[in-house]
Amino acid sequence: MMHPDSDVSPHVLVYQRIAVEEVNTPSLNTYIGGEFHLGLWSFIKKGVGLVGSFFVLRTLDLYQLGLYQLLLSGFTIASDICHDLFASITANEITRAIGEGNHARAKRLFWEHALFRMMFVLIPAVAVWMLLPQVLPSYGSEFFLWARILSLIFVLQGVLGMLNQLLSASLQFKVLAMRPSLQKFGEVCFVGYFFFKDQLTITQLLLGQLVGMTIAVLTILGPALRTTRAWANFTAAPRGQLYRLIKQYGGWQIIETSIRNMLGNIRPWIIRAFLNTASVGIYSVASMATSLLKDVIPTRTLNALIPRVVGDRDRMNRIFVFGTKYYVVLSIVLICGGAVGYPIAVHILFPHLTDSITLFYLLLPTVFLFAFTKLTNIFLVAERRQRFIAAQSLVEQTVRAGAMLGLVPIMGLSGLAIAETFAYGFVVISKYYYLVRTGFIQRFPFSSLFRFNETDRTYARAAVRSLPLLGKYLMK
């Protein structure tokens, strides 16, 4: 998606050890190299993850599956708030600072945010470990065991977030790509052992996540710390960089993070309140299937690349038009494939989950909407439009929650899927027309979706020229 005429040497690829001065400007090769690694390892992770899902779906009944999803949902609410607080604006500022050559500011921002992040991670984790039995004495010992396992995962997630931020800032996509697959492989191997011994329970599933998270941290710890050598010759900027950033943008970030994570994760609890725990499991399967389709769309490197070209409006426009075009076309192909393949797979492998097929079809339009709006969302972060992002999140979650509360009591799980798609579509369409009207993005030429013009051929030729370099890497 990046402009093929970039001034970065075509030999400066993401999988090489890039010097500090060579990562300031992204090229098509960087994008292709990063997406190649992240996409390849993502498919490996998804393949391993499907094996893990098979173990879970074949072992847990619908009630246990729903209970497991409720546990994960509650954990995700706490985890996202503590781990995501100021993470996106900090990562964006670090990337922009590196793109501007201001490595002193990037260095100071990273270390200040790392300290801030760990404070927000360790305090609640220790509180859960030490105080939960006193606060909730009526709950059983198994619940306390689950809570303590999740508190350990919570701490490791904080460490993993810091290491990922270092690797992303230095465009080390190869290492970033391998980590989730190795994490999932360790988790599935642990779970598989108990599956074949007919001893798989929720406790073993949570322990499997802890094992996978530990493997992930150990895998990237060395490479992440080595990236800090690039900052060795730079004296960190004066203290208080994070404070000034939070003072300028933090209020809107807090609002957006709280709204997105609190309202965005209440879905399982609405199902549980109006329906039953088993329905949580059924809906989670359909939702997971649509998420798998979205993961195929190659957008994993963009948060690290887009902020580096913020000042080049022509390049930003080209990325928006052609990037959105290719993503939308790919989403249509994925929707057609999913519509045919999902019911076949369910009938063959999981006949007790056939109720999820209707939900899957109702959620399929969100794959198209995700592809259409993904670049716009990244542009908003890169351009520091935190106030708009917070307002958009409030509207989206309010519409979603209102639609769910209105439709679920009447239509059950189908109403929940319709509410999800409606809320997503409402926000995407209204956001698009508002940003076009205000000049933030240009109008997307929908007529170009199925036309292949000279500019498309230029991008295709540039992409093909990058393939031999990827082949040389694979031969190493």
- Query: Leu407 and Leu416: side chain to side chain contact (heavy atoms under 4.5 Å, CB included), yes or no, with the steps?
  - Reply: CA-CA 7 Å; Leu407 294 177; Leu416 183 66; over 6 Å; no
- Applying side chain to side chain contact (heavy atoms under 4.5 Å, CB included), run through Glu142 and Ile202 and close with a yes or a no. CA-CA 10 Å; Glu142 190 174 39; Ile202 291 177; over 6 Å; no
- Test side chain to side chain contact (heavy atoms under 4.5 Å, CB included) applied to Phe368 and Val428, step by step: CA-CA 11 Å; Phe368 173 88; Val428 167; over 6 Å; no
- Verdict with reasoning, Val121 to Gln157, per side chain to side chain contact (heavy atoms under 4.5 Å, CB included): CA-CA 9 Å; Val121 166; Gln157 276 189 341; over 6 Å; no
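Not one N or O on the side chain of Tyr327 forms a donor-acceptor pair closer than 3.5 Å with the backbone of Phe372. Side-chain atoms of Gln204 come within 3.5 Å of backbone atoms of Thr201 as a donor-acceptor pair (strictly under, hydrogens ignored). A donor-acceptor pair is defined here as one N or O able to donate and one able to accept, closer than 3.5 Å; no such pair exists between the side chain of Thr373 and the backbone of Leu369.
Between Phe360 and Leu293, the closest side-chain pair of non-hydrogen atoms falls below 4.5 Å. The shortest side-chain heavy-atom distance between Ile357 and His347 falls under the 4.5 Å cut-off. Residues Gln183 and Gln209 form no side-chain contact, since every pair of their non-hydrogen atoms from C-beta on lies 4.5 Å or further apart. Between Lys197 and Tyr193 there is a side-chain heavy-atom pair separated by less than 4.5 Å. By the 4.5 Å heavy-atom criterion applied to side chains, Thr203 and Leu145 are counted as neighbours. A heavy-atom distance below 4.5 Å is found between the side chains of Met118 and Val159. Under the 4.5 Å side-chain criterion, counting only non-hydrogen atoms from C-beta, Leu152 is not in contact with Met213.
In terms of heavy-atom proximity, Tyr342 sits nearest to Ala289 at CE1-CB, 3.5 Å. A pairwise comparison of heavy atoms in Ser331 and Val367 identifies CB-O, 3.9 Å as the closest pair. Contact between Ile335 and Leu364 at its shortest, heavy atoms only, is CD1-O, 3.7 Å. Closest of all the heavy-atom pairs between Ser356 and Val346 is OG-CG2, 4.4 Å. Minimum heavy-atom separation, Ile220 to Asn164: CD1-OD1, 3.5 Å. When all heavy atoms are compared, the tightest approach of Asp355 to Leu359 is O-CG, 3.9 Å.
Classification of the Phe196-Phe55 ring pair by plane angle, with boundaries at 30° and 60°, yields perpendicular. Ring orientation note: the planes of Phe446 and Tyr432 are nearly perpendicular, at an angle over 60° on the 30°/60° scale.
Legend: ring pair (Phe, Tyr, Trp, His ring centres under 6.0 Å) pairs involving residues 406-428, not counting sequence neighbours: none detected.
For Tyr434, the OH atom counts as loosely surrounded, since its 6.0 Å shell holds 12 or fewer non-hydrogen atoms of other residues, nucleotides or ligands. Atom CZ of Phe185 is surrounded by 12 or fewer heavy atoms from other residues, nucleotides or ligands within 6.0 Å.
Once rounded to the nearest 0.5 Å, the distance linking CG of Leu122 with CZ of Arg117 reads 12.0 Å. Distance check: Leu205 CG to Leu210 CG gives 13.0 Å after rounding to the nearest 0.5 Å.
Applying the side-chain contact (heavy atoms from CB on, under 4.5 Å) rule to Tyr433 yields the partners Ile429, Arg443; only residues at least two apart in sequence or on another chain are considered. The salt bridge (charged side-chain N to carboxylate O under 4.0 Å, His left out) test applied to Lys431 returns no partner, not counting sequence neighbours.
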